[in-house]
Every structure is written in structure tokens, then in C-alpha cells.
Amino acid sequence: MSNLKMKEAALIYLDRSGGLQKFIDDCKYYNDSKQSYAVYRFKILINPSDVVELDAELGNHILHQPLKAAEVFQSVCFIAVKTLSLIGQLQTETQINIVLKLTHLPPLPSYGLDLCEFPLDYTSQRFYMMQGIVIAMTTVTKYTQGARFLCSDEACPLSKGFQYIRVHVPGATESATIRNDFLCNLCASSLQEDRKFRVLGDKQIVEIIATKGLHAFQGHSNNQPFRFQSVTIFLRDESVNKMNIGNEYKIIGIPTCVKASQTAVCIEANSITFCNSKVPSGISDNFRCLLSLTSSSCWKFTAILANIFASQITPPGTYNLLKLCLLMSLVQTTDRNKELEDCLDILIITNDTLLIDRLLNFSINLVPRGIRHLVSTEIFPTLSRNKYGTGAVSIQAGSALLAKGGICFIGDLASHKKDKLEQLQSVLESRNITVYIPGKKFGEDTDQQMTFPVQCSFWSFVDMDSSSRRNAQKINTLIGQMDCSLIPANLVEAFGLLINCNESSPCHPFLSTVQHTLKKAINPEGLLYAASRQFTTEDFEKLLAFAKNLNVEFSLEAERMTHGYYLASRRIRTDSICGSKLSASALKYLVFLSEAHARLNLRNKVLKEDVLIAALLFEKKLTLKYGATAFCVAPNAVFPFELYNEEYLEQRDLYLTQCQQQLEQFIATYGPGTTIFSSDE
């Protein structure tokens, strides 16, 4: 009686949810087909909340005994087919393969699979939900979805018909569906497969890690031990190719081999949902107050942000230029499922690699996808043999794809080999990476290739104080130029920003940094400055999370100034022998820098003042590479004064206003519409 009641409830649910009409439409497709089928596969969408409200017992079966629940729906669908004469060729109930697709699971702890928790006790074959980031995936292969077997004894009644139908169930291996030792229930003779009725489906294997496990790649530890383990997800049929490396998903599925003695955890995926991060509602009260106080200026707010940023690592007022650039790069990251095209890559020239390393490592932890690349691992995807023996190639993500929408900090450029640097340059220029899969090596007839978008910003530094580099440096003959010959020129060009932080530069105050280091050695956890107590790390995290989700657009004046500076700068850095020294990506980086400064100011519109900061930063990069030109920018143009109080901020505003007038004059002299501007340009 209980089983009959559940069947009635299943039929009512199908009717109310529209599933019955979809089932009838699917049956019509099978019935109209000229092909003969041994297995008829139907996908039924299930809302557990609606089912539980209709019939608690059926809802309990769906959530905790999904294979038995599928049998209930199988019986209902078979009766419907026979009653309504939907499929003329259908003979037995076993020919119907029902796949229940759940819309969600109850938001209760017992339905969550958290592999950062211990012990793991998820041995029951029921639905769980877990959330994780894809770190590896295989190519698509085939598996047996269903097969027909016949008794080998021709005198046996079961040597004909569709009595022996085997279909794949969650957790089953290929050998559970196709094997040569099955016996006839009637005469005990061996069963033989009727191969012409074998049904094949697509299969893909994906590895994910729990979102909390990402902390292992972020280069810092709060001295709290934690454990994480990769999970193997089996995707089949309509779920294949629904997941991308680096993306975060919620997966509903059934664990298939969760045992304490096994190193791998496998889940048969039932449904997949892409995870979009929530957009923060605002910023902290302290930053809101600061923004209000500096609203009269387009430059003061970001100046103060740079001044007080990362005071746990370096004292306020030091490395302001670098910290401003780091903040601008951070606000160009994204948590949303969109192509990150406005990446802002940073290359730092320094002779204090320890402090720079600490500063960059601190900064990447302010965004969800800040990844510190380890030299022992790979930056870009690599190939390996699939450990489950399916014949598919496994593609491992690498640090760059894992940092999707964030920052990939790759450390010292000198730690990477020449071929890796060439690969990095190619990725910086094209923003994608192509993986070649040799067919012979992995048992395929033909070679394959897969292209992945690389949607992260790269940070790196060069230690110019190493003995080999110091001895090899050349004497510069041009004003402002720095010898970058030890770094491949095209690689330097591929980075959006080039920043010089050494003892001769204004952003390296030696004494205050030494005092800070000594104080931190005595009191590592102490907050040494009032700024650290007033504007916490959490405040900066909220600020960056809010700013990077702002949609910005250029004002007409800002757009004209950007194009004017680009064309004027290109004009004066062009000669008849080498052509233009500005690459095609220069305009793109000017746009990104302007947008970043506007976002950091929490504005939706890019103004001329933002373009000025972008032009000064970009001109600084050009000056380091090629020397100064008519638009002569001082090394400390963005921060000409140490920021102690309001008076110094006012002086900086006056100085930047003069720089803006100088920029406008430069554009008027060398930009479009001037007598020296060629018709081609």
C-alpha cells in the first residue's frame, strides 16, 4: 500500500509540475523515430520541497534512497506508456531508464559534503551538496548508458525479448553494466550482449577542491592547521562540458566510494550550478567618512588609501606609488562569471625582494582569488594520464587558471626558465593558453588542442641587486632610462605597469622601513600605527569587493584626453628605422588604468583626473624603458610630497593640476590636429 501511495504521489507531482507533458513529448520523439531502442532514457526534474509537501514518504525516498525513488517513477512512467499507448515498441518496464534531476537540496548541514571536515562519514548512497573550484578535468569519453542481454540457450524463452536490460546507475563502473559472467535467472546459462542495442553516453571526469581549500594556494597561514582534499566528479551526458577550469560550482551528487582507507573521493554529479559571489552592499563607516571628507578632490581619497595601505607590512607613507598600483590592480579583478579582459599586470624592479614579496603576498589575500604560485608547480595547464583508467587525458589547471578573476603572483622572474617566460609573454599578449594533446602519447588516433582563457592579472618582480644582474647592467645615456636589457624586452612590454622600487627611487625610505621591521620583530601581532587600528584589513577587503563591482564609463573629456595622449606619445616615440615604440596594447592599458583609478575612487564615471594618473603611471613605464621625452614626468610625479597632513595633500593637488595642464599642452602640441601630426596617424 505504501508503494502504491508513492506511485500515486509521483503521478500527481508529474502532472502538477509539467513533467508529465514533457514525458509524453519525449515518448513521441521515441515513437516517431525509425530507430529501434533497447533503453528509453527520460530525465525528470524534481523539486524536493514540492515533493515533500505533496508526499513526505516519496520526498524522503528521493532525498535518501534515490535509486528506489527512481524505481517508483519508472513504474509510473511504464504504466503511462502502456495506458496511453505512447511507445509501441516498448515491451518491459526495465527498458525505461529514469534519471531524477534535483533542483536543490534542503539547506541543512546534514546535506553538505565538506571535505575540509574530519572524519568523513558519507557512506550512504544519497544526495549531498558540495561547493568547490575546478582544478582539473579530462577530455570527453564514452561510457555504456544501457545494454540488452539475451540468454545463450536458444531453447530458453529469455533468449528473445527485452527481459535482461542493464543500465548505468550512479556509482557503477563500466564492468557493472557490461560483463561476460552474467547468468540467466531461468536456466542458469550465460548471457550474451546484443551489441547492436548498446547505448553509449558521454562521460567526463572533473576534480574540484572545496572553496576553503584555496587558502593553501594563497601564500599565508594564520597558524591554524586545516585539511583539504580534491574530489572527483563524474559528469555524464547533458552535464558534460558544463564545468570550466577555475570556476566555482555547487554540485548535487551521490558519493560513490567514500571510505576512510581511500585517498580519492568520487561523486556522481546530478546537477551543477555556477556560483556567483554576492555583491557587497557598501564600505565601512570609516572609509565612508573619509570619502566624504575628500569629496572636493579627485585625487585625495586614493592618495590616502595608498598611504595607509598594508601598514602591517610597511609603514604608512612608504612605497605609496607601488601600493596605489596594487590597489588599482586589485579593483580590476572580478567575482562574477564574465570574461575578465581589463587585467592590470605589474612588474616591479627592486633590490629589496623580501619586503616586496611580503607586500604582494599580503595584497593577494584581500581578494578571493589571489594565488601565490609555487616554483614547484606549474603556472599554466599541464597534461597527465587519468588515474581512473578511462583513457581520457587529464588537464591540470595550473596557478593562472586557478586564479581566475583574481591575481596570480608568480614571484621573481629569475626563478622561471626561458621557455616558461616565453609562454608567459604569449599569455600576457593573447590572454589565452592552448594545450596540445598528442594522440599517440595518450592512445588517441588524432592530436587535439584545447584553448583556455586566462582571466587573471599577473604580479612579478625582478631582483636587480643580485650580483649577476648588478655586474651586467649598462650605463644609461638617456634621462630617466633604466637598463632593462636583462629582461626580455617583449616581456617587459607585455606587463601593463613597470615600477622601479630601489634605494635610489623616492618610494624607498630606508630608515622608516628598518624601524618598522624592528618593531614588528618585537611585537609581530601589534598594530603599530593609528591607521592600522582605524582602517583594518577587513575594511580594505570590503572596499575592494565593493569597488571592483562598479560599472564605470568614460566621460567625453576623459575619452578625448586618453586618445590624445596615446596618439601624441606614439608620435614622439616613432622613428623611421624602428617605427613606433608604443605597442598596440598601450591604449588598452591606459583605459584600464583610468578605469581602475575611477573604481578606487568609488565613482562610476572616468574623469580627466583619472586619465592624468593613468598617463603619469604609463609615462613612467615608458621613461624607464626609453628615457624622457617632451612630456617629461618626474620619477615621483604621482606622489611628489610625503603625505603627513591636509596641507601636503593640498600641495599634491596643486602639483597634479599643473601636471594636467602640462599633459593638455603636450596633447595640443603633438596630438591629433597639430601640424606635425601625419595623415596616416
Side-chain angles (χ1 to χ4, degrees), residues 22-44 67 70-71 73-75 77-82 84-100 138-205 234-241 268 386 388-392 439 443-446:
K22 183 181 182 302
F23 173 74
I24 293 172
D25 293 340
D26 292 343
C27 288
K28 187 177 185 301
Y29 166 80
Y30 282 121
N31 195 51
D32 294 344
S33 175
K34 296 179 180 179
Q35 183 179 348
S36 297
Y37 293 91
V39 179
Y40 299 88
R41 185 175 184 269
F42 299 97
K43 185 177 69 173
I44 298 177
L67 299 183
E71 292 176 2
F73 280 90
Q74 181 189 42
S75 179
C77 291
F78 177 71
I79 295 170
V81 170
K82 287 301 182 182
L84 302 175
S85 301
L86 297 175
I87 304 176
Q89 308 96 311
L90 183 69
Q91 296 182 21
T92 63
E93 186 175 313
T94 54
Q95 287 181 266
I96 293 181
N97 179 18
I98 297 296
V99 180
L100 303 179
T138 67
T139 52
V140 178
T141 56
K142 295 294 183 180
Y143 81 103
T144 303
Q145 198 179 86
R148 176 198 189 193
F149 285 82
L150 299 172
C151 181
S152 58
D153 185 354
E154 294 183 359
C156 178
L158 300 183
S159 62
K160 299 177 181 179
F162 294 88
Q163 298 299 320
Y164 291 117
I165 300 295
R166 299 193 66 83
V167 297
H168 172 82
V169 295
T173 60
E174 184 73 6
S175 62
T177 310
I178 300 294
R179 215 164 56 232
N180 57 12
D181 60 350
F182 296 127
L183 300 178
C184 177
N185 294 331
L186 188 61
C187 66
S189 299
S190 62
L191 298 182
Q192 293 179 343
E193 183 193 356
D194 187 355
R195 290 181 178 272
K196 67 176 179 291
F197 281 101
R198 182 184 289 192
V199 181
L200 298 179
D202 293 330
K203 178 178 69 174
Q204 188 176 32
I205 300 175
F234 285 86
L235 306 179
R236 300 186 189 271
D237 304 306
E238 58 274 352
S239 296
V240 163
N241 288 329
E268 186 94 10
N386 173 35
Y388 292 94
T390 62
E444 296 289 338
D445 295 331
T446 57

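In this text, all values refer to a predicted model and were calculated from it rather than measured experimentally.
Atom-to-atom distance recorded for Cys27:SG and Lys22:NZ is 10.0 Å, nearest 0.5 angstrom. Taken to the nearest 0.5 Å, the OH atom of Tyr29 stands 13.5 Å off from the CG atom of Asp25. Atom NZ of Lys142 sits about 3.5 Å away from atom CG of Asp202, to the nearest 0.5 Å. Atom CG of Leu158 and atom CG of Leu150 lie 9.5 Å apart (nearest 0.5 Å). Taken to the nearest 0.5 Å, the CD1 atom of Ile205 stands 9.5 Å off from the OG1 atom of Thr139.
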Quiz item: Are Leu200 and Thr144 close enough, and set up right, to give a side-chain contact (heavy atoms from CB on, under 4.5 Å), and what steps lead you there?
Solution: CA-CA 5 Å; Leu200 298 179; Thr144 303; 4.1 Å; yes

Exercise. List the steps, then state whether side chain to side chain donor-acceptor pair (under 3.5 Å) holds for Gln145 with Asn97.
Key: CA-CA 9 Å; Gln145 198 179 86; Asn97 179 18; 5.1 Å; no

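Using a 30° and 60° split on the angle between ring planes, Phe42 and Phe23 fall in the tilted class, from 30° to 60°.
Taking all atoms of both residues into account, the shortest heavy-atom contact from Ile96 to Cys77 is CD1-C, 4.0 Å. Minimum heavy-atom separation, Pro170 to Leu67: CD-CD2, 3.7 Å. The shortest non-hydrogen separation linking Phe197 to Ser36 is CE2-CB, 3.8 Å. The shortest non-hydrogen separation linking Asp237 to Gly201 is OD1-CA, 3.3 Å.
Using a 4.5 Å heavy-atom cutoff, the side chains of Glu268 and His168 are in contact. Side-chain contact between Ile165 and Arg148 is present, with at least one heavy-atom pair separated by less than 4.5 Å. Residues Asp153 and Cys184 form no side-chain contact, since every pair of their non-hydrogen atoms from C-beta on lies 4.5 Å or further apart. The shortest side-chain heavy-atom distance between Phe149 and Ile178 falls under the 4.5 Å cut-off.
Applying the side-chain hydrogen bond (donor to acceptor under 3.5 Å, both in side chains) definition to pairs two or more places apart or across chains, none involves residues 157-166. The list of side-chain hydrogen bond (donor to acceptor under 3.5 Å, both in side chains) pairs with a residue in residues 177-192, not counting sequence neighbours, reads Ser152-Ser190, Arg179-Asp181.
With hydrogens and angles disregarded, no donor-acceptor distance shorter than 3.5 Å links the side chain of Gln204 to the backbone of Val140.
Looking at residues two or more places apart in sequence or on another chain, you find no side-chain hydrogen bond (donor to acceptor under 3.5 Å, both in side chains) involving Lys43. Under the salt bridge (Lys or Arg N to Asp or Glu O under 4.0 Å) criterion, Glu238 pairs with Arg41, Lys101, sequence neighbours left out. Remark: Lys82 engages no residue in a side-chain hydrogen bond (donor to acceptor under 3.5 Å, both in side chains) (not counting sequence neighbours).
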Side-chain polar contacts of residues 85-93 - donor-acceptor pairs under 3.5 angstrom, sequence neighbours left out - could you list them?
from, atom 1, to, atom 2, distance (Å)
Thr92, OG1, Thr94, OG1, 3.0
Thr92, OG1, Phe162, O, 2.8

